[in-house]
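Step one of this worksheet: look at the structure below.
Bear in mind the structure is a predicted one, so any value in this text is a computation, not a measurement.
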Amino acid sequence: MHLSLPQRMYLLSYTVDKEKFEAVNLQGRGQLLRAAALAELIFTGLLTTQKEKVVQRAAEPPGDPFLQDVWRDIPAPAEKPKNWLQFVHNRATTSEEPVRDQLIAAGLISPPARRSLLSPIAAHQVTVNDPQQVLELQGTARRSVLGGSDPATVPVDELAMAVLPVECEMVSVFGWKEVREHKHALKTYAQQFDTLAPGLRKALRDSFLVVRGVGGGWGS
């Protein structure tokens, strides 16, 4: 089945060898999912930018319910463009559940048998039903960077899969050592992403740093 970019980002945060979603990959994941949705809306021509601000194009809304929900937040074509940050940051904590529900409905993950109300990450300890699929997604996100591919030749969704998790310091795609070793390559990929969605990556990073600084960023 075709997975939306937010759905792929959700699965990318799974650590296969530990068979769980680690806390380090969960903080700020709501922001990551919203940024992924915004990127997909840009890539599919439903949004456009003006001086690092975003506005809808005149078009039919997307069919995916989560993408549609994010799209409806954006100013209409006749309205004034607005900064990305509010669309990444606001409502981030409630953005994980709809994506999780989509993956459960598709049979890709299973909900936890029990949910502790005391833990902020209990809802995220779902079972991934096909870990091999996650490995393949992570391989897709990694291969162009590690292989030295020109970022201008990389499919836009794969570009986003490589770039956006780094901004949230997710270590299930690239570990800390790999981020250091491939710092230059990742920078060129980030710059290429910025030509497609000017200002979006910075908004994601700013939002992540805000929630990390106060110990927040845990979705529901």
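Without hydrogens or angle criteria, Glu167 side chain to Leu164 main chain gives no donor-acceptor distance under 3.5 Å. Between the side chain of Glu79 and the backbone N or O of Ala76 there is at least one donor-acceptor pair closer than 3.5 Å. The main-chain N or O of Ser144 is found under 3.5 Å from a side-chain atom of Tyr189 such that the two form a donor-acceptor pair. Not one N or O on the side chain of Thr15 forms a donor-acceptor pair closer than 3.5 Å with the backbone of Lys18. With hydrogens and angles disregarded, no donor-acceptor distance shorter than 3.5 Å links the side chain of Gln133 to the backbone of Asp130. Side chain of Arg8 to backbone of Leu3: a donor-acceptor contact under 3.5 angstrom is found.
By the criterion of side-chain heavy atoms lying less than 4.5 angstrom apart, applied directly or through intervening Ile, Leu, Val, Met, Phe, Trp or Tyr residues, Val145 is grouped together with Leu196 in one hydrophobic cluster. No chain of hydrophobic side-chain contacts below 4.5 Å, direct or via other Ile, Leu, Val, Met, Phe, Trp or Tyr residues, connects Val55 to Leu67. A single hydrophobic cluster is not seen to contain both Leu85 and Val210; linkage of ILVMFWY side chains at heavy-atom distances under 4.5 Å, directly or through other members, places them apart.
Between Leu204 and Leu38, every side-chain heavy-atom pair lies at or beyond the 4.5 Å cut-off. Side-chain contact between Leu5 and Phe43 is present, with at least one heavy-atom pair separated by less than 4.5 Å. Counting heavy atoms from C-beta outward, Gln31 and Val211 have side chains that approach closer than 4.5 Å. You'll find the side chain of Leu103 stays beyond 4.5 Å of the side chain of Arg100, heavy atoms only. Within the 4.5 Å cutoff, no side-chain heavy atoms of Ser110 are placed close to those of Ile104. Looking at heavy atoms from C-beta onward, Arg205 lies out of side-chain contact with Arg201 at the 4.5 angstrom threshold. Taking 4.5 Å as the limit, every side-chain heavy atom of Tyr14 sits out of range of all side-chain heavy atoms of Ile109. At a threshold of 4.5 Å between non-hydrogen side-chain atoms, the residues Cys168 and Arg29 do not count as touching.
Of all heavy-atom pairs spanning Leu12 and Ser172, the tightest one is O-OG, 2.6 Å. Scanning both residues, Phe87 and Pro75, for their nearest heavy atoms gives CZ-CD, 3.6 Å. Shortest non-hydrogen contact noted between Phe21 and Tyr10 is CE2-O, 3.5 Å. Pro77 and Ala58 make their closest contact through CG-N, 3.6 Å (heavy atoms, listed as atom of the first residue, atom of the second, distance). The two residues Ala39 and Leu200 have their closest heavy-atom pair at N-CD2, 3.8 Å. Residues Pro151 and Thr188 come closest through the heavy atom pair CG-O, 3.9 Å.
The existence of a salt bridge linking Lys202 and Glu52 is excluded, since no basic side-chain nitrogen approaches an acidic carboxylate oxygen closer than 4.0 Å. By the 4.0 Å N-to-carboxylate-O rule, Arg91 lies close enough to Asp73 to be salt-bridged with it.
In this structure, Glu19 places its CD atom where only 12 or fewer heavy-atom neighbours from other residues, nucleotides or ligands lie under 6.0 Å away.
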Checklist entry - Taking it one step at a time, do Asn25 and Glu169 satisfy side-chain hydrogen bond (donor to acceptor under 3.5 Å, both in side chains)? => result CA-CA 7 Å; Asn25 297 321; Glu169 300 183 8; over 6 Å; no

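Side-chain N/O atoms of Thr140 and Glu158 include no donor and acceptor closer than 3.5 Å. When only modelled atom types and interatomic distance are considered, Gln68 and Arg72 share a side-chain donor-acceptor pair under 3.5 Å.
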